[in-house]
There are 2 protein chains.
Amino acid sequence: MPLEMSPASTEHWLEVLEAQGYRLTAPRRVVVEVIAQTDRALSPLAVFDIARIRYPQLGLTTVYRTLEKLEALGLVQLVHQANGCHTYIAAPAGHQHLLICEYCGRTLFFGGDDLGSLIDQIERESGYRVHEHLLQLTGTCPGCHTD
Amino acid sequence: MPLEMSPASTEHWLEVLEAQGYRLTAPRRVVVEVIAQTDRALSPLAVFDIARIRYPQLGLTTVYRTLEKLEALGLVQLVHQANGCHTYIAAPAGHQHLLICEYCGRTLFFGGDDLGSLIDQIERESGYRVHEHLLQLTGTCPGCHTD
DNA sequence: CATGTATTGAAAATGATTATCACTATCACA
DNA sequence: TGTGATAGTGATAATCATTTTCAATACATG
Ligand SMILES: [Mn+2]
Ligand SMILES: [Mn+2]
Ligand SMILES: [Zn+2]
Ligand SMILES: [Zn+2]
């Protein structure tokens, strides 16, 4: 079943970073706060612009570097955009897929397991082994369609 | 069920381009040939390099412009790469999804209808209307795994 | 405090894609 | 068959996102 975005995982993310041996610096904290507390996919530049309000010295380079670490740790996940540029969004626990409202940007996750039987079938018929998959749905959320 | 790549749709593609009012010029022909006859996803630059062998005056700009038209007509489809850059591959008739071998690049298509029941379920549970979806599977083809 | 290491951000470099523009090829039709 | 209108081309320049470099700073540890 689809999941709502969970709020404010900031503290948890900082713990994970610390457990990895990373220092909890001011610029990292602010980047983590922004992306952990937003329920929309954000480009690195958008993260930068928001984070800079609280921490004006912040560099865009640090935003890229922090997002890279968070993605490697599975705390954020990449969202593919038609134009080629990628955005990032806070990821729920485990591998999940996205359903994005094309009007308001509201985002819902649903479990990767829902794909299991489809993938099993494709493996049987093709002889391939499936290791990874990318699935993103786009549409309109309940608030953005009236019919 | 998964489909093998169909060969040499070159003539058909040229007809479609012509039917759209586009002229069948030498540079367009060579770009169409390259992408229509390859069963792997190619970057614009890769298309350029291959096409240039037959038509050295070709400009990279024209490759981008031709791929853009072919994609708009549904003749090629975009393949998302982890690094952000996109590649293109000849698309079978109708909306299809990709299964790509991570070792040899061999590519299989499977139909969008296979996703129908999953999408129905997600629509019911979420209240969203799903308009588009992006699905790509990655794994190993029969020739690239021995077990 | 002293020292080694991680982190930072400005600036430059890179790489992909797109926009410009002068030129050419092709088409419609007189 | 000319001829003007239009589509198409490719070299070049511009743009945009991302990565690299590097000197300076912050932090941890003894
Ligand atoms: Mn992508
Ligand atoms: Mn589909
Ligand atoms: Zn919405
Ligand atoms: Zn293979």
Side-chain angles (χ1 to χ4, degrees), chain A residues 13-35 41-73 76-89, chain B residues 13-35 41-73 76-89:
Chain A
W13 292 16
L14 292 173
E15 286 164 19
V16 174
L17 283 173
E18 196 168 39
Q20 294 292 313
Y22 295 119
R23 294 179 188 167
L24 301 185
T25 64
R28 274 177 190 160
R29 283 175 192 276
V30 71
V31 170
V32 164
E33 277 171 27
V34 168
I35 187 82
L42 297 178
S43 66
L45 185 60
V47 171
F48 179 59
D49 285 336
I50 298 169
R52 238 186 329 180
I53 296 169
R54 294 192 225 162
Y55 187 79
Q57 316 93 291
L58 182 65
L60 180 55
T61 309
T62 297
V63 174
Y64 275 95
R65 289 193 281 230
T66 305
L67 288 174
E68 184 181 31
K69 289 178 176 63
L70 294 175
E71 200 213 346
L73 295 170
V76 302
Q77 70 182 58
L78 206 142
V79 180
H80 288 259
Q81 305 287 328
N83 65 9
C85 301
H86 292 161
T87 55
Y88 294 87
I89 192 167
Chain B
W13 292 17
L14 292 174
E15 284 165 19
V16 173
L17 284 173
E18 196 167 38
Q20 294 292 314
Y22 295 121
R23 295 179 187 168
L24 302 186
T25 65
R28 272 177 191 162
R29 283 175 191 276
V30 71
V31 170
V32 164
E33 277 171 29
V34 167
I35 188 82
L42 298 178
S43 68
L45 185 58
V47 172
F48 180 58
D49 285 337
I50 297 169
R52 239 189 328 182
I53 296 170
R54 294 193 225 163
Y55 188 79
Q57 317 93 291
L58 182 65
L60 180 55
T61 309
T62 297
V63 174
Y64 275 95
R65 288 192 282 228
T66 305
L67 289 174
E68 183 181 33
K69 288 179 176 62
L70 294 175
E71 200 213 346
L73 294 171
V76 302
Q77 71 182 60
L78 205 142
V79 179
H80 286 259
Q81 305 288 326
N83 65 10
C85 300
H86 291 161
T87 55
Y88 294 87
I89 192 167

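Side-chain atoms are counted along with the backbone in the values below, which use heavy atoms only and exclude waters and symmetry mates. All values reported here derive from a predicted model rather than from experimental measurement. Each chain gets a letter, A, B and so on, in the order the sequences are listed, and its residues count up from 1.
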(Q) For B:Glu71, give me all partners under side chain to side chain contact (heavy atoms under 4.5 Å, CB included), at least two apart in sequence or on another chain. (A) B:Val76, B:Leu78, B:Tyr88

Quick one: side chains of residues 18-31 of chain A, donor-acceptor pairs under 3.5 Å with protein atoms, not counting sequence neighbours, listed by atom name and distance.
from: A:Thr25; atom 1: OG1; to: A:Arg28; atom 2: N; distance (Å): 3.4
from: A:Arg28; atom 1: NH1; to: A:Arg23; atom 2: O; distance (Å): 3.0

Q.
Can you measure B:Leu24 atom CG to D:dG8 atom C1' for me and round it to whole angstrom units?
A. 12 Å

Can you give me every donor-acceptor pair (side chain of residues 58-67 of chain B, partner residue at least two apart or in another chain, under 3.5 Å) with its distance?
from: B:Thr66; atom 1: OG1; to: B:Thr62; atom 2: O; distance (Å): 2.8

(Q) Judged by each residue's nearest nucleotide on DNA chain C, which is more toward the 5′ side, A:Tyr22 or B:Glu68? (A) A:Tyr22

Q: Would you check if A:Val16 and A:Leu70 make a side-chain contact, meaning some heavy-atom pair closer than 4.5 Å?
A: no

(Q) How many whole angstroms separate atom CD of B:Gln81 from atom P of C:dT17? (A) 11 Å

Q: Work out which heavy atom in A:Leu42 is nearest to a heavy atom in A:Ile50; give both atom names and the distance.
A: CD1-CD1, 4.1 Å

Q: Grab the CG-C1' distance between A:Leu45 and D:dC16 for me, whole Å please.
A: 10 Å

Q) Given C:dT17, C:dT7, D:dG10, which nucleotide is nearest the side-chain atoms of B:Arg65? A) D:dG10

Q) OG of A:Ser43 to CG of A:Asp49: how many Å apart, nearest 0.5 Å? A) 7.5 Å

**Q.** Partners meeting salt bridge (charged side-chain N to carboxylate O under 4.0 Å, His left out) with B:Arg54 (sequence neighbours left out)
**A.** B:Glu33

Q) Taking atom C1' of C:dT7 as reference, at what distance in whole Å does atom CD of A:Gln20 sit? A) 17 Å

**Q.** Between C:dA16 (P) and B:Tyr88 (OH): distance, integer Å
**A.** 14 Å

Look for any protein N or O under 3.5 Å of an N or O in nucleotides 11-14 of chain C and output each such pair with its distance, or none.
none

Q: Measure from the side chain of A:Arg28, starting at C-beta and using heavy atoms only, and say which of C:dT8, C:dT18, D:dT9 lies closest.
A: C:dT8

Q) Who pairs with A:His86 by ring-ring contact (aromatic ring centres under 6.0 Å, His included), at least two apart in sequence or on another chain? A) A:His80

(Q) Using 0.5 Å steps for rounding, measure from the CH2 atom of B:Trp13 to the CD1 atom of B:Ile35. (A) 6.0 Å

Q | Nucleotide D:dA7, atom C1' - distance to CG of B:Leu17 in whole Å | A | 14 Å

Q. Looking at residues 46-60 of chain B, who's got a heavy atom less than 4.0 Å off DNA chain C?
A. none

**Q.** side chain to side chain donor-acceptor pair (under 3.5 Å) partners of B:Gln81, counting only residues at least two apart
**A.** B:Thr87

(Q) Output the rounded distance in Å from CG (B:Asn83) to P (D:dA17). (A) 17 Å

Q. Quick one: what's the B/S/- string for nucleotides 23-30 of chain D, heavy-atom cutoff under 4.0 Å, read 5' to 3'?
A. ---BB---

